[in-house]
K.L.:
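Structure in structure tokens, see below.
All values reported here derive from a predicted model rather than from experimental measurement.
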Amino acid sequence: MMEGTAGVSGHRYADESLLDDADALAERDPGGMLRFTASAGAQVRESAALAAEANLSVLADEGRPRAVVIAGIGTAGRTGDVLATVAGPRCPVPVIPHRSAGVPGWVGSADVVIAVSASGRSPEALGAAEAAHRRGARLVAVGAPDSQLQSVAERARAPFIPVPRRAPARASLWALTVPVLLAGRTLGLVKVNEADLAETAARLDADADRCRPTAESFVNPAKSLALGLAGSIPIVWGSSPLATVAARRFGDTLSANARYPVVSGALGEAGRGRVGLLDGVFGGLAEGERDIFADPGEAEEAATRLRVVLLRDGGLNPEDDADEPLAVEERRADAVQTLAERRGVRCDVVTAEGGSALERLASLTAVPDFAAVYLALAHGLDPMAVPAITEMKELANQ
């Protein structure tokens with residue numbers, strides 16, 4: 001055994017039959033990642049209630065800030081992407097996600113810093129909170145109760161929204177995102193009302209039911225997506241800014257849970273270079289050299305190939321002829337599907353649904369979140385236990 005592989009278990013090729021065996025799934029998911037993923041709707045409701053209890057109104061007392069910085073790493077960092085995207089291009093102030101310790105050098109008393117950490121102890125969030133306090137910036141902190149982050153917020157006399165640590169950070173996107181959005185609402189950056197939150201939670205609940213372990217692969221969209229991705233190099237592209245946040249989120253979960261290397265990002269960026277992957281050794285070249293007479297099993301194992309996942313968001317007003325960027329995004333998405341088809345590269349499409357930006361984001365993240373867990377389980381991997389993460393923390397802290 002190679003040094004460092006202790007605790008690494010699983011198998012190279014996905015076992016499709018395992019996904020339709022609910023007992024086997026439960027056995028291979030001892031940490032309960034499927035259960036945590038299914039809690040997304042409950043996370044929305046709980047975090048909204050906790051945020052309502054926090055004294056966020058003090059954030060608005062000094063009026064509109066010059067800029068808002070959302071500090072955090074990993075899933076906590078994605079909350080900044082969500083706020084910036086839901087706020088949209090008409091947001092009256094810059095909304096800037098920040099993923100390293102401290103805060104940008106220009107941050108001062110005219111600005112707001114939102115520090116986010118599921119554990120309440122990430123160096124990035126703690127450093128940002130402390131720097132904001134020193135510089136006189138308004139601060140709001142989101143994280144585990146009775147944590148170091150709460151202590152910093154109390155010293156700064158800043159609002160703190162306690163988010164109970166009920167799941168791993170990567171399964172807590174909605175628990176962390178809702179307080180950030182509601183802080184943004186208090187500052188006048190976003191229009192998120194109670195109906196939006198209720199509909200988003202309901203959407204997440206409905207998708208969790210569709211993706212439940214007892215639903216067989218042919219009716220379970222997450223299992224179907226996982227099986228389509230098995231053995232591939234996934235490329236996940238979003239057709240709009242909102243869909244791009246969901247695409248990057250899917251990249252995060254595929255890497256963390258299923259340990260798959262992923263290319264993710266915006267279709268606009270892809271069209272400037274990365275779309276060329278479809279012509280490469282894992283794309284059109286691999287598909288063009290495939291022996292159509294070979295045994296299916298042999299063909300699947302002979303070459304690793306690309307699999308495109310396209311997250312499409314037609315926007316809330318697709319009939320609005322004045323929305324030229326939306327029309328461009330839609331044409332671009334159509335073009336990529338055509339390019340993939342011409343090269344024999346398979347393409348899965350997830351289309352946004354819902355009456356608000358937040359619900360549409362939920363509709364683009366729920367099925368992929370489950371798919372990443374099912375893909376891990378199909379390979380015999382425990383999605384909760386990642387030995388390399390534990391080992392890296394140990395090595396970095398020596």
K.L.:
Could you give me the CA-CA distance, side-chain angles and deciding distance for D15 and R28, then say whether salt bridge (Lys or Arg N to Asp or Glu O under 4.0 Å) is met?
P.N.:
CA-CA 12 Å; D15 179 355; R28 285 163 173 76; 6.0 Å; no
K.L.:
Distance-only, no hydrogens or angles: does the T79 side chain make a donor-acceptor pair with backbone N or O of T75 under 3.5 Å?
P.N.:
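Checking the backbone N and O of T75 against the side chain of T79, no donor-acceptor pair under 3.5 Å is found.
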K.L.:
Any link between L182 and I161 through a network of hydrophobic side chains (Ile, Leu, Val, Met, Phe, Trp, Tyr) touching at under 4.5 Å?
P.N.:
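In one cluster with L182: I161, yes.
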K.L.:
So, E124 side chain and G74 main chain: donor-acceptor pair closer than 3.5 Å or not?
P.N.:
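Side chain of E124 to backbone of G74: no pair is present.
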K.L.:
If you draw a 6.0 Å radius around CZ in R274, do more than 12 non-hydrogen atoms from other residues or ligands fall strictly inside?
P.N.:
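Counting neighbours around CZ of R274, 12 or fewer heavy atoms of other residues, nucleotides or ligands fall under 6.0 Å, so no.
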K.L.:
Taking the side chain from S363 and the backbone from R360, do they hold a donor-acceptor pair closer than 3.5 Å?
P.N.:
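Yes.
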K.L.:
Examine L181 and V44 and state if one hydrophobic cluster contains both, with Ile, Leu, Val, Met, Phe, Trp and Tyr joined whenever side-chain heavy atoms are less than 4.5 Å apart.
P.N.:
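Same cluster: L181 reaches V44 through Ile, Leu, Val, Met, Phe, Trp or Tyr contacts under 4.5 Å.
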K.L.:
Do S47 and Q43 have a side chain donor and acceptor closer than 3.5 Å?
P.N.:
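S47 vs Q43: no donor-acceptor pair found between side chains.
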K.L.:
Please find the pair of heavy atoms, one from D196 and one from K191, that lie closest to each other, and give the distance.
P.N.:
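Taking D196 first and K191 second, the nearest heavy atoms are OD2-O, 3.7 Å.
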K.L.:
Check L59, V95, V93, V140 against L187 for a side-chain contact (heavy atoms from CB on, under 4.5 Å) and give me the one that passes.
P.N.:
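When L59, V95, V93, V140 are each tested with L187, the side-chain contact (heavy atoms from CB on, under 4.5 Å) holds only for L59.
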K.L.:
Can you confirm whether V190 sits close enough to L358 that some side-chain heavy atom of one is under 4.5 Å from a side-chain heavy atom of the other?
P.N.:
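V190 does not reach L358 side chain to side chain.
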K.L.:
Could you see if V373 belongs to whatever hydrophobic cluster contains V386? Use Ile, Leu, Val, Met, Phe, Trp, Tyr and a side-chain cutoff under 4.5 Å.
P.N.:
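Different clusters: V373 never reaches V386 through Ile, Leu, Val, Met, Phe, Trp or Tyr contacts under 4.5 Å.
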K.L.:
Would you say Q150's side chain and D146's backbone share a donor-acceptor pair under 3.5 angstrom?
P.N.:
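Judged by distance alone, yes, a pair lies under 3.5 Å.
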K.L.:
Just wondering, do E16 and S217 contact through their side chains at under 4.5 Å, heavy atoms?
P.N.:
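Result no, sub-4.5 Å side-chain heavy-atom pair not found.
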K.L.:
Is there a path of hydrophobic side-chain contacts, each under 4.5 Å between heavy atoms of I/L/V/M/F/W/Y residues, joining L189 to V245?
P.N.:
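Same cluster: V245 reaches L189 through Ile, Leu, Val, Met, Phe, Trp or Tyr contacts under 4.5 Å.
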K.L.:
CD of E341: more than 12 outside heavy atoms within 6.0 angstrom?
P.N.:
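No, CD of E341 has 12 or fewer neighbouring heavy atoms, counting only those of other groups under 6.0 Å.
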K.L.:
Check whether N220 reaches the backbone of R212 with its side chain - one donor and one acceptor, N or O, closer than 3.5 Å.
P.N.:
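Such a contact is found between N220 side chain and R212 backbone.
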K.L.:
Kindly say whether A42 contributes a backbone atom to a donor-acceptor pair with the side chain of S39 at under 3.5 angstrom?
P.N.:
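No; zero donor-acceptor contacts below 3.5 Å.
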K.L.:
Can you check whether M384's main-chain N or O pairs, donor with acceptor, with R170's side chain at less than 3.5 Å?
P.N.:
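Looks like yes, one N/O pair under 3.5 Å.
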K.L.:
Of the non-hydrogen atoms in P145 and V163, which two are nearest, and what is the gap between them?
P.N.:
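Closest heavy-atom pair between P145 and V163: CD-O, 3.6 Å.
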K.L.:
So, does Y374 use its side chain to make a donor-acceptor pair with the main chain of C211 at under 3.5 Å?
P.N.:
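Yes: the side chain of Y374 pairs with the backbone of C211.
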K.L.:
Should F160 and L149 count as side-chain neighbours, where that means a heavy-atom distance under 4.5 Å?
P.N.:
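Yes - at least one pair of side-chain heavy atoms lies under 4.5 Å apart.
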K.L.:
Are the side chains of F250 and L229 in contact, using a 4.5 Å heavy-atom criterion?
P.N.:
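They are in contact (side-chain heavy atoms under 4.5 Å apart), so the answer is yes.
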K.L.:
Taking all heavy atoms of P159 and all of N55, pick out the closest pair and write down the distance.
P.N.:
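Closest heavy-atom pair between P159 and N55: CG-O, 3.6 Å.
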K.L.:
Taking all non-hydrogen atoms of both residues into account, name the closest pair between D207 and A362 and its distance.
P.N.:
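Closest approach of D207 to A362, heavy atoms only: OD2-O, 4.4 Å.
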K.L.:
Out of R66, R138, R135, which residue meets the salt bridge (Lys or Arg N to Asp or Glu O under 4.0 Å) rule with D111?
P.N.:
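The salt bridge (Lys or Arg N to Asp or Glu O under 4.0 Å) with D111 is passed solely by R66 among R66, R138, R135.
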K.L.:
Would R78 and D252 pass as an ion pair if we require N to O under 4.0 Å?
P.N.:
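Yes.
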K.L.:
Does V69 reach the side chain of P104, with side-chain heavy atoms less than 4.5 Å apart?
P.N.:
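V69 reaches P104 side chain to side chain.
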K.L.:
Is the shortest heavy-atom distance from the side chain of D334 to the side chain of R312 under 4.5 Å?
P.N.:
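D334 reaches R312 side chain to side chain.
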K.L.:
Using the rule that two of Ile, Leu, Val, Met, Phe, Trp, Tyr join whenever any of their side-chain heavy atoms come within less than 4.5 Å, decide whether V113 and L83 are in one cluster.
P.N.:
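No; L83 is not reachable from V113 via cluster members.
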K.L.:
So do the side chains of S117 and L126 get within less than 4.5 Å of each other, counting heavy atoms only?
P.N.:
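No. Closest side-chain heavy atoms not under 4.5 Å.
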K.L.:
Just by distance, do the side chain of Y260 and the backbone of A376 share a donor-acceptor pair under 3.5 Å?
P.N.:
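Not confirmed, Y260 side chain does not pair with A376 backbone.
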K.L.:
Any side-chain heavy atom of R155 sitting closer than 4.5 Å to one from E130?
P.N.:
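Result yes, sub-4.5 Å side-chain heavy-atom pair found.
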K.L.:
For the pair H379 (side chain) and H11 (backbone), establish whether a donor and an acceptor sit closer than 3.5 Å, ignoring hydrogens and angles.
P.N.:
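The answer is yes, because a donor-acceptor pair under 3.5 Å joins these two groups.
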